[in-house]
Amino acid sequence: MAAKAAGGDRGRVSLCFATAGGVKALALSAFTLAWTHSIAKVEWQEDWRVTPAGLELVQARVKGTGPGMEPPPEARLVDGWFQWQPKRGPTQEVVLGNSGAAGEWRLCHDGVCMTLSEIVGHPIGANVTTMKACNDP
C-alpha cells in the first residue's frame, strides 16, 4: 500500500494517522477515504491528495442520500453515485471519529482498501484518529 510520491526527495510528504496508540506514516500522494453512514448505511467516498500545503479534497461521492448526507446542488449522478468537486483549499488535518455503529473508515490506494485498524496495526475502536500530511521519515 505504501507508494512513493512523485518527484525528488525534497519537499515530499506522507500521509500520517495519529491514534491513541501512536503514529503511522504512509508514503502516498493520493488516496480514497471511504466509509458507510451509520444510520442510512449508504457508502460515501472522498478522493484526497497529499501535498506540502496539506490535504486537498479533490472529489466526493455518495451512493445515495440520508440524514446529513444530501449531495450539494452541483452534484451529478454518475454510475449510481452523486459526484462533485468540493471548492475548498488544503486543510492541515482531518479528525476521523468512529461511532462503532457502521464499521471503520477505509483507505483505498491502487485498488487495495484497508481499515484504519489494519493500517495502524491495532484496533482503533471508538477512538478518534487524526489524518494529516507530514514530512517523509
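- Annotation: the span from E46 atom CD to T32 atom OG1 amounts to 9.5 Å, rounded to 0.5 Å.
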| field | Audit row: L116, L96, side-chain contact (heavy atoms from CB on, under 4.5 Å) steps and yes/no | value | CA-CA 10 Å; L116 291 187; L96 305 171; 3.8 Å; yes
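- Expressed to the nearest 0.5 Å, how far CZ of F17 lies from CE of M131 amounts to 6.0 Å.
- At least one side-chain heavy atom of L33 sits under 4.5 Å from a side-chain heavy atom of W105.
- Note that the CE atom of M114 and the CG atom of L26 stand 8.5 Å from one another [nearest 0.5 Å].
- Summarising the geometry of A30 relative to H109, their closest heavy-atom pair is O-ND1, 2.9 Å, with the distance given to 0.1 Å.
- Listed by first and then second residue, the salt bridge (Lys or Arg N to Asp or Glu O under 4.0 Å) pairs that reach into residues 57-72 are D47-R61, sequence neighbours excluded.
- Contact between P71 and F82 at its shortest, heavy atoms only, is CG-CG, 3.7 Å.
- The aromatic rings of W48 and F31 sit parallel to each other, their planes meeting at less than 30°, with 60° as the upper class boundary.
- By the criterion of side-chain heavy atoms lying less than 4.5 angstrom apart, applied directly or through intervening Ile, Leu, Val, Met, Phe, Trp or Tyr residues, V78 is not grouped with L57; the two fall into different hydrophobic clusters.
- Residues G64 and V42 approach most closely at N-CG1, 3.3 Å, considering heavy atoms.
- Of all heavy-atom pairs spanning A53 and P90, the tightest one is O-CB, 3.6 Å.
- The cluster map of Ile, Leu, Val, Met, Phe, Trp and Tyr, joined by side-chain heavy atoms under 4.5 Å apart, puts V95 and L107 in different clusters.
- Of the inter-residue distances, the one linking Q45 atom CD with Q83 atom CD reads 9.0 Å to the nearest 0.5 angstrom.
- Separating the CH2 atom in W81 from the CH2 atom in W44 is a distance of 10.5 Å, to the nearest 0.5 Å.
- The side chain to side chain donor-acceptor pair (under 3.5 Å) pairs that include a residue from residues 120-132 are T19-H122, where partners are two or more places apart or lie in different chains.
- Partners of E43 according to the side-chain hydrogen bond (donor to acceptor under 3.5 Å, both in side chains) rule, which considers only residues two or more places apart in sequence or in another chain, are T36, R106.
- For the pair A133 and T51, the tightest heavy-atom approach, listed with the atom from each and the gap, is CB-O, 3.7 Å.
- A side-chain N or O of E104 and one of S117 form a donor-acceptor pair less than 3.5 Å apart.
- Judged by distance alone, with hydrogens and angles left aside, the side-chain atoms of S14 form no donor-acceptor pair with the main-chain N or O of N135 at under 3.5 Å.
- Remark: K24 NZ to L15 CG distance equals 11.5 Å, nearest 0.5 Å.
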